[in-house]
Amino acid sequence: MELLLGIDLGPHASFIWAAYGAVVAVIGGLIAWLYIDGRIQQRKLAALAEQGVRRRSARRA
Amino acid sequence: MQTLTQRLANPTRFMELSGSVLPWIAGAAAVVIAYGLYLAFYVAPPDYQQGETARIMYIHVPCAWLAMAVYAMVAMSAFGFLVFRHPLADVSAKTAVPLGAAFTFLALVTGSLWGRPTWGTYWVWDARLTSVLILFFLYLGLMALRSSIEDESLASKLTAILALVGIVMLPIIKFSVDFGNTLHQPASVLRVGGPTIDTAMLTPLLVMALGFTLMFVAMHFKAMRNEILRRRVRALQLAQVEKAQASQLAAAE
Amino acid sequence: MSAFLALLKRDLMLSVRQGGALGTALGFYMLVVTLLPLGLGQDLNLLSRIAPGILWIALLLAALLSLGRVFSSDHEDGTLDVLATGRMPLEMVVGAKALAHWISTGIPLALTAPVLGLMLNLDIAVYPLLMATMLVGTPAVSFIGAVGAALTLRSYRGGLLIALLVLPLYVPTLIFGMAAVNGLLGVSGTSAAMLILAALSLTSVVLCPFAAAAALRVQMQ
Amino acid sequence: MQLVAENLVLERGNRKVANDVSFTLEGGSGLVLTGPNGSGKSTLLRALAGYLRPASGSVRILGIGGSDGDTGESCEVGEVCHFVGHLDGIKSHLTAAENLTFWATYLSDRADSGHSVAHRVYDALEVFALNALADIPAGYMSAGQKRRLGLARLLVAHRPLWLLDEPTVSLDTGSADILVKAINRHLSDGGMAIVATHLPLAIEPARGISLVRKEAQA
């Protein structure tokens with residue numbers, strides 16, 4: 001029988017791995033997206049703040 | 001005097017608080033899930049009838065539980081937003097819906113993968129599966145309505161109303177699906193999980209459920225932080241447009 | 001009360017004058033009922049068994065088509081704003097408009113069901129019960145649909161979006177409508193299903209106007 | 001009869017549109033709102049009509065009720081005002097008379113029971129020179145005629161407060177005069193009117209408020 005990580009999952013092992021695989025894929029994708037989205041927003045904020053800062057000072061000069 | 005929720009509600013305080021708490025919750029979630037997986041695979045006995053395939057239960061049940069719990073939370077946030085004008089409630093509801101939809105989708109996928117070896121088909125119009133499928137459509141409806149409306153504050157109010165309509169309809173849908181089910185479906189469908197589940201299988205289930213819930217809270221906090229940043233970016237961009245107009249007007253005079 | 005009747009009369013007059021709304025709904029209804037046997041195969045006894053289901057589902061989809069216009073036509077020409085300044089609460093305005101939609105679309109669709117049943121080899125004895133369940137069930141279709149119409153008043157993909165929002169909420173009506181019809185085909189629980197169907201319709205007549213009015217108020221700002 | 005607005009703060013989306021607007025309007029007098037586009041004229045009118053909940057501050061109308069007008073209780077402003085926005089509120093499939101007959105029955109209250117609906121509709125069409133078009137579907141009318149038909153709604157039901165947002169848009173000078181005469185007659189009957197407009201309108205007695213364009217804060 002298929003032995004993986006020292007566990008014998010019997011005849012329907014493929015379904016079990018498919019189920020766990022699906023969960024890992026979807027949740028992994030979500031976590032990755034949350035991380036990337038966070039980065040994107042921070043970069044945009046930084047760009048705006050820097051732009052904002054220069055333009056405000058430009059008006060004062 | 002601001003109530004606790006009010007004081008907690010302002011975004012900057014939430015950002016500080018969630019910033020410090022987030023790594024701890026994420027770490028705890030990882031540890032609990034790892035322990036749960038260990039219990040599920042190495043300690044829990046195979047099911048006497050289904051054998052090993054019952055191990056899918058350890059992720060199917062937490063996903064199904066989160067699918068429903070998140071919708072209830074979205075409905076509560078919607079209520080908090082509409083009635084108490086709680087500013088963070090909309091951010092919480094908006095970010096929780098996609099996560100809830102993902103867990104509902106996973107509950108359906110793992111459910112049908114579990115069904116194939118046990119019942120012989122990927123999909124059975126069993127009352128519980130059908131209700132979760134309809135719950136998935138309610139999530140899709142919330143996301144579709146939110147994305148189809150331009151004005152942010154309008155979209156959040158309308159989605160909140162839809163969420164409340166959904167939470168009122170859910171028990172009615174559940175009841176009618178059960179009613180319809182008993183009419184057509186022979187009652188002998190194998191009850192998933194069985195009425196009494198022995199402790200050796202119950203503990204991993206509870207541990208996994210706790211782990212998934214912690215993971216959801218961590219993901220939800222992160223999603224809320226992103227949303228707050230996104231709204232700040234938008235506010236700054238709007239301000240830039242206003243300033244450009246104002247300076248243009250000034251230049252014109 | 002006269003304001004309610006005036007609004008109801010005006011909406012019915014408009015739906016007669018505009019004619020199109022009912023025409024398209026009926027046309028779509030017949031089209032769905034014609035396409036399905038082409039897709040499912042012309043096996044007559046199969047068709048006669050699933051005919052009530054086909055007719056009910058086609059009715060739900062057909063009613064959806066005309067729901068988009070319940071509020072958007074008044075929104076576009078500014079009538080909705082003035083309706084809101086009436087003495088009557090907005091919930092009653094929604095009630096009048098949903099009632100007008102039921103009378104102008106729900107009832108005609110329910111009454112034409114038997115005619116289309118002929119094409120599906122539906123057993124003649126089922127006709128009265130089929131029409132009865134549709135007449136009892138369609139108020140829920142119009143009133144729940146009114147909530148969908150109010151929510152999608154200003155969104156882009158109005159028609160399609162209403163279907164996504166409202167069809168899941170039609171599941172109870174469909175299930176109990178079918179259960180009531182199947183009562184005659186030997187499956188137990190007819191009268192109970194019909195009563196629950198009626199309860200569903202009455203509850204939606206009472207509760208949906210509040211949700212729809214809230215959605216309209218939010219959008220009139 | 002009095003309309004009291006106290007330090008109104010209005011927000012559209014999350015942009016502050018009007019800041020701390022206060023005024024009281026006595027029965028029999030009018031108020032002309034002027035100000036550049038985007039200064040919140042329309043938003044203020046919609047807030048007064050009750051469509052928009054002000055972020056803070058309040059709008060109250062006092063002295064409704066008994067004919068002597070001493071009762072202080074206030075009621076929903078929306079139920080005692082005519083609101084004329086940029087759109088006319090006219091159904092193009094109904095004729096002019098049908099449109100006005102509907103509004104007459106829908107918007108009327110006890111005070112209107114004096115004259116029959118048909119009478120009021122005929123008078124309104126008469127005043128706005130539309131009686132020749134009574135049985136013509138509104139869809140066939142020109143923009144100016146539709147605008148006049150929308151304004152005729154003001155006369156088919158008695159409402160003490162008139163809220164008019166740029167009422168003279170797509171009106172020729174003749175029609176604008178008709179409107180101003182109707183407003184002045186409404187004021188002389190003890191009614192109130194708030195008009196947002198660019199053109200100078202000879203509304204008597206009236207005073208002006210000019211709204212300033214808000215500087216946006218992030």
Side-chain angles (χ1 to χ4, degrees), chain A, chain B residues 26 33 37 40-42 46 50-60 62-63 95 98-99 101-103 105-118 122 212 215-216 218-237 239-240 243-244 247 250:
Chain A
M1 284 325 293
E2 216 183 278
L3 264 177
L4 204 65
L5 294 176
I7 348 165
D8 162 19
L9 284 178
H12 303 297
S14 58
F15 293 105
I16 301 168
W17 290 125
Y20 278 80
V23 171
V24 167
V26 170
I27 292 186
L30 264 179
I31 292 175
W33 161 247
L34 286 174
Y35 187 74
I36 297 165
D37 186 32
R39 272 281 165 277
I40 295 170
Q41 303 308 330
Q42 268 147 11
R43 215 176 311 118
K44 275 192 192 162
L45 259 179
L48 272 168
E50 183 223 321
Q51 244 178 15
V53 170
R54 208 175 345 83
R55 264 191 42 267
R56 221 174 277 122
S57 58
R59 210 167 341 120
R60 253 205 312 284
Chain B
I33 289 181
L37 284 176
F41 279 96
Y42 293 97
Q50 300 168 18
E52 298 300 333
T53 47
R55 295 191 195 283
I56 296 182
M57 158 174 68
Y58 298 120
I59 44 168
H60 173 69
C63 284
T95 48
L99 300 181
F103 281 116
F105 171 73
L106 284 178
L108 291 168
V109 164
T110 50
S112 76
L113 280 173
W114 188 1
R116 180 68 184 80
T118 332
Y122 278 104
F212 267 59
M215 181 179 66
F216 166 74
M219 289 163 78
H220 188 211
F221 272 7
K222 177 63 178 170
M224 283 175 79
R225 290 169 62 83
N226 290 355
E227 179 63 21
I228 289 171
L229 293 183
R230 184 174 301 116
R231 291 191 182 189
R232 282 198 187 139
V233 165
R234 226 161 60 84
L236 277 178
Q237 284 164 342
Q240 241 180 349
K243 282 198 187 91
S247 53

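Order of the sequence lines fixes the chain letters, A, B, ..., with proteins taken first and strands second; residue numbering starts at 1 for each chain.
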Winner by heavy-atom pair count (cut-off under 4.5 Å) against chain A, out of B:Leu99, B:Ile59, B:Thr110: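 Between B:Leu99, B:Ile59, B:Thr110, the count favours B:Ile59.
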
A:Tyr20 ring center within less than 6.0 Å of B:Phe41 ring center: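 For B:Phe41 and A:Tyr20, the ring centres are under 6.0 Å apart.
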
Evaluation steps, side-chain contact (heavy atoms from CB on, under 4.5 Å), between A:Leu48 and B:Arg232: CA-CA 10 Å; A:Leu48 272 168; B:Arg232 282 198 187 139; over 6 Å; no

Presence of salt bridge, B:Arg230 and A:Asp37, under 4.0 angstrom: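 Salt bridge flag = yes for B:Arg230 with A:Asp37.
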
Side-chain donor/acceptor of B:Asn226 to backbone N/O of A:Leu34, under 3.5 Å: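 Yes, the answer is positive, given that a donor and an acceptor are paired below the 3.5 Å cut-off.
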
Which distance, rounded to the nearest 0.5 Å, do you find between the [atom1] of [X] and the [atom2] of [Y]?
X        : Y        : atom1 : atom2 : answer
A:Ile16  : B:Met57  : CD1   : CE    : 11.0 Å
A:Gln41  : B:Arg234 : CD    : CZ    : 11.5 Å
B:Thr118 : A:Phe15  : OG1   : CZ    : 9.0 Å
B:Lys222 : A:Trp33  : NZ    : CH2   : 11.5 Å

Heavy-atom pair with the smallest gap, counting every atom of B:Ala102 and A:Val26: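 So the minimum-distance heavy-atom pair works out to CB-CG1, 4.2 Å.
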
Among A:Ala19, A:Gly29, A:Gly38, A:Ala22, residue most engaged with chain B (heavy-atom pairs, under 4.5 Å):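 That would be A:Ala19.
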
Side-chain heavy atoms of A:Ile27 within contact of B:Phe212, under 4.5 Å: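 Yes, side chains in contact.
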
Side chain / backbone / both / neither for B:Tyr122 at chain A, heavy atoms under 4.5 Å: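 B:Tyr122 touches chain A through side-chain heavy atoms alone.
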
Atom group of B:Val233 that falls short of 4.5 Å from chain A, counting heavy atoms: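 Contact with chain A: backbone and side chain both.
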
